[in-house]
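Scroll down for the structure; my scribbles are underneath it.
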Amino acid sequence: MVGPRIAVAVVTMGNRPAEVDALLESVAKQDLPPTRVVIVGNGCRLPEFADRLSLPGEVTTIDLDENLGCPGGRNVGLARLRAFGDVDVVVELDDDGLLVDADVLRRVRDLYVADDRLGIVGFRIADEHGETQRRHVPRVGARDPMEGGYVTGFLGGGHALSMAMLAETGDWPAEFFFAHEETDLAWRAADAGWRILYAPELLLQHPKTSPARHAIYYRVTARNRVWLVRRRLPLALIPVHLGIWTLLTLVRTRSVAGLRAWFGGFVEGVRESAGERRPMRWRTVWRLTRLGRPPVI
């Protein structure tokens, strides 16, 4: 079957060498070899992967002098792939994930062949016991992680992006550094008429974690939430969205230090520039609402 040329991109800070090796070995076992594999060292120097692990396709490593954050590091990988000019779809994977099945890239190819307006494919994330955390199901009220279909968001840990879509929407919001960058990209894709598919048959095994494990979690979550809505929502929806999320934060957060950091980040998001404002159209808001995820929650 003739289909899109697929690349795999991984961003790592160099602190998970065994996990990165295991992930790349699972890529090497795919029954559809990727055209290219790009590995970005986010503020670190990378070892030689290609010969040691017998990786398929063209392997490129990029060492960055500083940690640009997850979206910034991914943008570096995308820029290199764009310069090569021979990739149509990029599969981006967390450096501590694992492709359990050998047909993931082939299934990704088939999904894009079947839908020429497919922009983003989200994978199912499950731990080594097969459990998917509720926050990893990209649909409000959905309890069954095996229920796939078109959705309004996706998971950063494992997904595929159309390079044609990125040429229209732009890349990741690098200034976010961490948190909510997936939503920013998803809303831009939806507003441009691209579809987002949650495909639970595409499994990325990933350790069970909490986002609050990151020291900057509460601050950047609040800051980026404010930036997100300032950039992407119609003016009338901004206070509604932020009001709902402020109430939810007050109810859910048990840590006093966490709340202080959250409110500090909120103020930072209000005071500092959010970047280009390009709000989604009202018809996109309506479409997202019909898909089960209104942009105000």
Do Phe84 and Thr60 pass the side-chain contact (heavy atoms from CB on, under 4.5 Å) test, and can you show the C-alpha distance, the side-chain angles, and the key distance before you say yes or no? CA-CA 11 Å; Phe84 286 132; Thr60 301; 3.6 Å; yes
Taking all heavy atoms of Ala160 and all of Val89, pick out the closest pair and write down the distance. CB-CG1, 3.9 Å
Arg16 CZ to Asp95 CG distance, which is reported to the nearest 0.5 Å: 4.5 Å
Quick check: do Leu237 and Trp282 have side-chain heavy atoms less than 4.5 Å from each other? yes
Taking salt bridge (charged side-chain N to carboxylate O under 4.0 Å, His left out) as the cut-off, I'd like each qualifying pair that reaches into residues 229-250, sequence neighbours left out, listed once. Glu175-Arg231, Asp184-Arg231, Asp184-Arg232
Show the nearest heavy-atom pair for residues Pro295 and Leu288, with the distance to one decimal. CG-CD1, 3.9 Å
What one should report as the nearest heavy-atom pair of Val38 and Ile62 is CG1-CD1, 4.0 Å
Please answer whether the main-chain N or O of Thr221 pairs with a side-chain N or O of His180 as donor and acceptor at a distance below 3.5 Å. yes
So, the side chain of Thr132 versus the backbone of Ile125: is there a donor-acceptor pair under 3.5 Å, distance only? yes
Under the salt bridge (Lys or Arg N to Asp or Glu O under 4.0 Å) rule, collect the residues that match up with Arg223, sequence neighbours excluded. Glu268
Is Leu228 linked to Leu242 within one hydrophobic cluster, defined over Ile, Leu, Val, Met, Phe, Trp and Tyr using a side-chain heavy-atom separation of less than 4.5 Å? yes
May I ask whether Tyr198 and Leu185 are part of the same hydrophobic cluster, defined by side-chain heavy atoms of I, L, V, M, F, W, Y residues being less than 4.5 angstrom apart, directly or through others? yes
When you compare the side chain of Pro4 with that of Arg109, does any pair of heavy atoms fall below 4.5 Å? yes
State, without any angle test, whether Arg124 and His136 hold a side-chain donor-acceptor pair at a distance under 3.5 Å. no
Any heavy-atom pair between the side chains of Leu118 and Ser162 that's under 4.5 Å? no
Determine whether Leu78 and Val37 fall in the same hydrophobic cluster, where Ile, Leu, Val, Met, Phe, Trp and Tyr are linked whenever their side-chain heavy atoms lie under 4.5 Å apart. no
Partners of Glu201 by side-chain contact (heavy atoms from CB on, under 4.5 Å), sequence neighbours excluded? Arg107, Leu111, Ala199
Centroid separation His159 to Trp172 less than 6.0 Å: yes
Kindly state each residue pair satisfying salt bridge (charged side-chain N to carboxylate O under 4.0 Å, His left out) with at least one member in residues 113-123, sequence neighbours excluded. Asp115-Arg195
For a quick test of reading the model, state the closest non-hydrogen atom pair linking Thr289 to Val285 and the distance between them. OG1-O, 2.8 Å
Minimum heavy-atom separation for Pro56 and Val27, please, with both atom names. CG-O, 4.4 Å
For the backbone of Leu99 and the side chain of Ser26, can you confirm whether one donor and one acceptor N or O come within less than 3.5 Å of each other? yes
Hey, mind stepping through Phe178 and Asn224 against side-chain contact (heavy atoms from CB on, under 4.5 Å) and telling me if it holds? CA-CA 8 Å; Phe178 161 77; Asn224 292 357; 5.7 Å; no
Would Leu32 and Val10 show up in the same hydrophobic cluster when neighbours are defined by side-chain heavy atoms closer than 4.5 Å? yes
Name all pairs fulfilling the salt bridge (charged side-chain N to carboxylate O under 4.0 Å, His left out) condition that reach into residues 275-297, sequence neighbours left out, sorted by first residue then second. Asp191-Arg281
With sequence neighbours left out, the residues meeting side-chain contact (heavy atoms from CB on, under 4.5 Å) with Asn42 are Val11, Met13, Leu64, Asn67, Leu68
For Val267, check side-chain contact (heavy atoms from CB on, under 4.5 Å) against everything at least two apart and list the hits. Arg271
Val91/Phe123 under side-chain contact (heavy atoms from CB on, under 4.5 Å): CA gap, chis, key distance, verdict: CA-CA 10 Å; Val91 172; Phe123 294 10; 3.9 Å; yes
Applying ring pair (Phe, Tyr, Trp, His ring centres under 6.0 Å), can you list everything that pairs with Phe266, at least two apart in sequence or on another chain? Trp262
Sequence neighbours excluded, the answer for side-chain contact (heavy atoms from CB on, under 4.5 Å) partners of Ala192 is Glu168, Thr169, Trp194
Enumerate the residue pairs fulfilling salt bridge (charged side-chain N to carboxylate O under 4.0 Å, His left out) with a member in residues 28-48, sequence neighbours excluded, ordered by first and then second residue. Asp31-Arg106, Arg36-Asp86, Arg45-Asp63
State, yes or no, whether a side-chain contact exists between Asp96 and His206 at a heavy-atom distance under 4.5 Å. yes
What is the distance from atom CD of Gln205 to atom CG of Asp127, rounded to the nearest 0.5 Å? 7.5 Å
Minimum heavy-atom separation for Val8 and Pro34, please, with both atom names. CG2-CB, 4.0 Å
Considering only heavy atoms from C-beta outward, does the side chain of Cys70 approach that of Glu92 to under 4.5 Å? no
Set out, in order, the CA-CA distance, both residues' side-chain angles and the distance that settles side-chain contact (heavy atoms from CB on, under 4.5 Å) for Phe177 and Val220, then state yes or no. CA-CA 8 Å; Phe177 195 83; Val220 296; 5.6 Å; no
Taking Trp286 as the starting point, is it possible to reach Ile196 by hopping between hydrophobic residues whose side chains are less than 4.5 Å apart? no
Distance in Å, Glu25 CD paired with Phe49 CZ, rounded so as to fall on 0.5 Å steps: 11.0 Å
Test question: given the 4.5 Å side-chain rule for I, L, V, M, F, W and Y, name all other residues clustered with Val100, or answer none. Leu203
Checking the side chain of Tyr112 only, and the main-chain atoms of Asp88 only, is there a donor and an acceptor separated by less than 3.5 Å? no
Would you give the length of the straight line joining atom CG of Asp171 to atom CG of Asn75, rounded to the nearest 0.5 angstrom? 4.5 Å
So how far is it from Leu105 CG to Ile6 CD1, rounded to the nearest 0.5 Å? 5.5 Å
Listed partners of Glu272 passing salt bridge (Lys or Arg N to Asp or Glu O under 4.0 Å), at least two apart: none
One should read off an interatomic distance between Thr253 OG1 and Tyr218 OH, to the nearest 0.5 angstrom, of 5.5 Å
